[in-house]
Number of protein chains: 2
Amino acid sequence: MTVTLADVAARARVSPATVSRVLNGNYPVAASTRERVLRAVDDLDYVLNGPASSLAAATSDLVGILVNDIADPFFGIMAGAAQTQIGGPGDGSGRAGGEKLAVICNTGGSPERELTYLTLLQRQRAAAVVLTGGAVEDPAHQAAMSAKLTKLADAGTRIVFCGRPPLPEGDALVAALAFDNRGGGRRLAEHLISLGHRRIGYVAGPPERTTTRHRLEGHREALRAAGLDAAPGEADGGPGSDDQDRLTVHGPYDRRSGYEATLELLRRAPDVTAIVAANDTVALGACAAVRDQGMRIPQDISVAGFDDLPFSVDAVPALTTVRLPLFEAGARAGRLAMGKENPPPGGIATIAAELMIRGSTAAPRG
Amino acid sequence: MTVTLADVAARARVSPATVSRVLNGNYPVAASTRERVLRAVDDLDYVLNGPASSLAAATSDLVGILVNDIADPFFGIMAGAAQTQIGGPGDGSGRAGGEKLAVICNTGGSPERELTYLTLLQRQRAAAVVLTGGAVEDPAHQAAMSAKLTKLADAGTRIVFCGRPPLPEGDALVAALAFDNRGGGRRLAEHLISLGHRRIGYVAGPPERTTTRHRLEGHREALRAAGLDAAPGEADGGPGSDDQDRLTVHGPYDRRSGYEATLELLRRAPDVTAIVAANDTVALGACAAVRDQGMRIPQDISVAGFDDLPFSVDAVPALTTVRLPLFEAGARAGRLAMGKENPPPGGIATIAAELMIRGSTAAPRG
DNA sequence: CTGTTAGCGCATTCAG
DNA sequence: CTGAATGCGCTAACAG
């Protein structure tokens with residue numbers, strides 16, 4: 001019923017090995033022979049059996065891209081960019097040739113799913129795995145991840161981090177592209193401080209994620225440097241002082257969280273003059289909440305985001321945010337996964353975050 | 001080096017066949033034996049060899065989800081929803097068990113890539129394929145798709161369309177979930193007409209896509225019903241009359257296209273009082289263009305979108321649009337792909353599109 | 001440059 | 001309920 005390599009060989013009057021060689025193209029074959037084989041392939045409408053070939057070769061052409069939330073363009077952009085470097089034609093060849101099958105796996109932010117996908121990919125003997133976005137900092141999970149990744153790497157799977165800091169133990173086996181979340185958070189806070197803001201609310205992401213922590217740390221660094229980390233009246237000023245904690249609300253990275261956290265913030269501290277959101281999506285929710293409270297942006301209150309997603313420039317007023325080169329980073333991760341590009345020195349590269357000052361931030365009223 | 005089923009068998013003191021049976025769980029095995037095997041699996045940290053098992057069983061646990069543009073939440077939401085029904089744990093089992101590997105493939109809207117991904121998936125003997133979003137209407141491509149899908153179906157791959165109309169030839173082998181784009185487009189135009197708009201610009205998507213055509217057809221249906229399809233002064237009134245063509249600009253489904261097309265529309269017909277965009281992303285660009293021309297929304301000009309993506313409600317003013325139940329549709333497609341749900345009668349279900357009237361549309365000035 | 005020979009690791013018959 | 005034997009379709013040495 002189903003046509004095999006042997007059938008093609010018979011029709012082309014060559015040995016199966018030869019057919020395999022022209023198909024994989026990694027071995028010299030006479031042009032005329034190749035022609036004949038290719039014709040037979042077309043005539044018979046032959047499609048390679050992936051599992052069989054992976055079994056024999058002990059490696060597959062699958063590349064996995066893990067994302068936390070594919071409905072979020074933050075991940076969509078990176079994943080799409082990575083795929084441009086990995087899968088599909090672009091190699092120019094019309095026929096499906098030496099392409100890898102780049103494949104996106106949506107973990108939904110769940111550590112267990114992340115591990116499960118890794119196992120599934122390991123089962124498939126994936127050629128490479130790209131992990132995008134912040135990691136969960138639970139020690140048990142980190143250990144499990146580290147063990148799993150080591151095993152994958154040992155089996156020949158290339159591992160690339162994109163927008164995620166390297167593992168604490170620093171496996172030498174991965175190439176990591178890390179965003180400068182801390183620096184971005186710091187510069188954004190500095191911008192607000194320089195405008196004259198003194199009471200700044202912060203809508204943070206889930207506490208256990210590296211992205212959340214780094215952005216928040218950068219934010220507080222700037223506050224501390226400006227002497228704004230102590231509550232008015234007290235002077236302890238330790239990092240994470242009570243007042244700063246009161247000005248910070250954690251929640252998921254979504255619009256709704258931004259909305260609710262902002263209401264909460266406004267309730268807790270009606271004197272805030274600016275709100276920094278964990279990312280642009282959250283910032284959108286924050287803007288809605290601010291407006292629903294009858295306040296104007298930026299006259300009554302400034303709002304800022306992080307990531308500079310495409311819609312941020314279209315917000316009204318346009319959102320001040322920190323731009324992350326998501327597409328470029330994703331593409332580079334894809335190239336690293338393909339071995340088209342050498343890993344950065346030390347295995348880790350930090351990707352700059354650029355402050356984008358737009359209409360949603362201004363000097364505080366009064 | 002790498003541990004195989006035989007190793008597990010040896011350690012559990014059973015035959016390889018028995019190990020295979022407990023792993024696949026589709027055959028009676030004594031509880032005590034199962035215990036022993038499972039322990040051996042854990043002890044040895046055994047991971048099934050996917051290719052080997054797929055080769056032997058002539059089917060794999062891969063499910064492909066094809067999308068046109070994964071950076072667009074329209075697709076991200078559907079794909080993510082489908083994955084919740086297919087991959088990862090949720091089956092409750094902690095260990096990676098009977099899960100399928102749900103995998104998203106980004107075609108970038110290119111017909112060739114679509115075909116290539118299908119071939120790649122065919123190679124892998126995918127268990128199912130979900131195709132999302134509008135199709136390209138080029139006859140040659142449609143024929144190629146039809147042929148390819150038939151072959152996949154013959155090989156036992158389940159085919160599901162999600163947000164895409166069934167193929168013209170109507171292969172009985174696919175289940176299709178089609179959005180009511182035409183009805184949505186019609187109701188949106190009716191809404192504007194009832195507000196009093198007579199000159200309505202339309203920023204359409206790429207002309208060759210079904211989604212574009214259906215939305216536009218619905219739009220024009222409503223115009224025609226209201227007697228608005230003829231140019232002022234002439235009376236031929238045939239469908240697609242010159243005037244309507246002048247009020248329509250095609251472009252890709254992105255923000256920039258919305259921006260530029262709107263400028264063009266405003267130049268061609270300064271008297272338009274409303275602009276309908278092909279989707280919400282395009283509408284955002286349209287809003288920006290309108291504002292950059294110094295006009296207010298909706299006082300000077302109304303703007304509407306399509307899809308009701310999460311950010312649309314946060315636009316200022318909130319965007320009038322047509323809501324598509326993307327998550328629900330994606331989840332249902334996932335279930336169909338898994339065979340968890342029966343296909344709709346006739347193989348095709350039409351999914352309703354709901355008009356969402358918000359602040360970006362109002363009666364025209366004057 | 002091309003053919004021959006062996007498995008790759010597992011799911012299945014079929015016996016027991 | 002369990003074990004032994006067979007082959008899935010292909011690639012990778014190794015010869016020629």
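Proteins come first, then strands; the chains are lettered A, B, ... in the order of their sequence lines, and each starts at number 1.
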- [ ] Please report, rounded to the nearest Å, how far the C1' atom of C:dC10 is from the CG atom of B:Leu55.
- [x] 8 Å
Task: Rounded distance in Å - CZ (A:Arg123) to P (C:dC8) - done: 21 Å
With the criterion being N/O to N/O and under 3.5 Å, what pairs connect the protein with nucleotides 1-5 of chain D, and how long is each?
| unit_1 | atom_1 | unit_2 | atom_2 | d |
| --- | --- | --- | --- | --- |
| D:dT2 | OP1 | B:Thr33 | OG1 | 2.4 |
| D:dT2 | OP2 | B:Ala30 | N | 2.8 |
| D:dG3 | OP2 | B:Ser15 | N | 3.0 |
| D:dG3 | OP2 | B:Ser15 | OG | 3.4 |
| D:dG3 | OP2 | B:Thr18 | OG1 | 2.8 |
| D:dG3 | N7 | B:Arg21 | NH2 | 2.8 |
| D:dG3 | O6 | B:Arg21 | NH1 | 3.4 |
| D:dG3 | O6 | B:Arg21 | NH2 | 3.4 |

Task: Any B:Glu114 side-chain heavy atom under 4.5 Å of B:Leu66 side chain - done: yes
TODO: Assess whether salt bridge (charged side-chain N to carboxylate O under 4.0 Å, His left out) is satisfied between A:Arg209 and A:Glu137, documenting all intermediate values.
DONE: CA-CA 6 Å; A:Arg209 308 206 80 95; A:Glu137 298 199 282; over 6 Å; no
Open item on the list: Is the phosphate of D:dG9 approached by A:Thr4 (side-chain N or O, under 4.0 Å from OP1 or OP2)?
Closed with: no
TODO: Provide the closest heavy-atom pair for A:Leu118 versus A:Leu149 in the form atom of the first, atom of the second, distance.
DONE: CD2-CD2, 4.1 Å
TODO: Give the minimum heavy-atom separation between A:Gly133 and A:Phe75, together with the two atoms involved.
DONE: CA-CE2, 3.6 Å
Task: Gap separating the CG atom of A:Leu152 from the OG1 atom of A:Thr119, nearest 0.5 angstrom - done: 8.0 Å
TODO: To the nearest 0.5 Å, tell me how far A:Ser60 OG sits from A:Leu55 CG.
DONE: 11.5 Å
- [ ] Quickly work out the B:Arg125 CZ to C:dC10 C1' distance and round it to whole Å.
- [x] 16 Å
TODO: Ignoring backbone atoms, establish whether A:Asn49 has a side-chain N or O less than 4.0 Å from OP1 or OP2 of D:dC8.
DONE: no
- [ ] Provide, to the nearest angstrom, the distance between the CG atom belonging to A:Asn24 and the C1' atom belonging to D:dA12.
- [x] 11 Å
- [ ] Round to a whole Å and report the spacing from CG of B:Leu48 to C1' of C:dC10.
- [x] 8 Å
